[in-house]
Amino acid sequence: MSADQVITVRGDAELAARAGHLFTGARHDFVCAARDLDTWSQPEARLRIAGGMRAPDAPGFTVRKLLSPAALADEGARRHLREVTAKGAHVRISSAPLPHETIIIDRRVMILAAGDDGPGPREFTVTTVPALIGGVYALFQAAWETATDFTAHFDGAMPHLDADGLAVLRELGAGHTDEAAARRLGLSLRTYRRRVAALMAALDAGSRFQAGLRAAELGL
C-alpha cells in the first residue's frame with residue numbers, strides 16, 4: 001500500500017493479505033474504538049494480523065481500547081478485556097454510540113470496519129491519508145477523555161444482586177407474567193412484585209424495560 005492511499009477490502013482474509021503487514025509495523029500507539037468484540041468472523045485472521053504487534057506492556061508502546069457497554073454483555077468478552085488490561089492495555093467504556101470498529105496505528109494508518117447488516121463479507125476501509133487519520137483520531141481522543149475506565153465501570157456501576165434478585169431478573173428476561181413467575185419461584189404475587197421493585201431500584205431503572213436494558217449493559 002503506497003502513501004496517502006485509501007483502499008477497500010472485503011472480508012477478514014483479504015484484509016489480512018493486503019493490510020496485515022501494516023499491523024506488524026506498529027511501534028508506538030495502537031487505538032481501537034468498537035461497538036463490541038465481534039468485528040472478525042474468522043478468529044485466525046485476527047491472530048494473523050495482530051501476531052506481529054508488540055505486546056501492550058512493551059516499553060514505549062501504548063494500547064487503548066474504547067468500547068460501548070454492549071461489549072460487556074458477554075462473559076467471554078469481559079474475560080478477554082480483563083486479560084488485555086492485565087497485560088498493560090488501557091480499556092475504557094463509552095456511554096456514547098460507537099462505530100463497529102475503528103483502528104488507528106501509530107497515527108499513520110487507519111482501518112474502518114463497516115457494519116455487517118448486508119450480505120457477504122464485511123468491508124474494511126484502510127487509509128494512510130494523514131488528514132483523514134488526524135480527524136478520526138481527534139474524535140477518538142475526545143470520546144476517550146469522557147469515557148470510564150474499564151475497572152471503575154464495574155466498581156462504580158455494577159450493582160450487587162443476591163440470588164433472589166438474579167432469579168427475578170431471569171424471570172423478567174424470560175417474559176413470564178408476574179403470576180407465572182411468582183408460581184415458578186414459589187412466591188406470593190405480592191412478594192414477587194416487591195422483589196421486582198427492589199431489583200429496579202438496584203439497577204436504577206424507572207421501568208421493567210429499562211431494567212432489562214441496564215442489566216444487558218452490565219452483562220447480568
Heavy atoms, side chains only, cut-off 4.5 Å: are [X] and [Y] in contact?
X: Ile111; Y: Thr125; result: no
X: Met110; Y: Ile103; result: no
X: Lys65; Y: His90; result: no
X: Val84; Y: Val91; result: yes
X: Arg10; Y: Arg122; result: no
X: Asp106; Y: Arg27; result: yes
X: Glu83; Y: Leu81; result: no
X: Arg64; Y: Gln141; result: yes

According to a hydrophobic-cluster definition based on side-chain heavy atoms being under 4.5 Å apart (Ile, Leu, Val, Met, Phe, Trp, Tyr only), do Val136 and Val129 belong together?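 Linked, Val136 and Val129 end up in one cluster.
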same_hphob_cluster(Val6, Ile104) at 4.5 Å side-chain heavy-atom cutoff: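 Yes, Val6 and Ile104 fall within the same hydrophobic cluster.
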Could you tell me the separation between the CG atom of Leu112 and the OG1 atom of Thr8, rounded to the nearest 0.5 Å?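 Between Leu112 CG and Thr8 OG1, I get 9.5 Å after rounding to 0.5 Å.
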Restricting to salt bridge (Lys or Arg N to Asp or Glu O under 4.0 Å), what partner residues turn up for Glu145, sequence neighbours left out?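 Glu145: no salt bridge (Lys or Arg N to Asp or Glu O under 4.0 Å) contacts found.
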Applying salt bridge (Lys or Arg N to Asp or Glu O under 4.0 Å), name anything that partners Arg194, two or more places apart in sequence or on another chain.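 With sequence neighbours excluded, Arg194 shows a salt bridge (Lys or Arg N to Asp or Glu O under 4.0 Å) to no residue whatsoever.
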Testing the basics here: between Arg35 and Ser68, what is the closest heavy-atom pair and its distance to 0.1 Å?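 Shortest heavy-atom separation between Arg35 and Ser68 comes out as O-OG, 2.6 Å.
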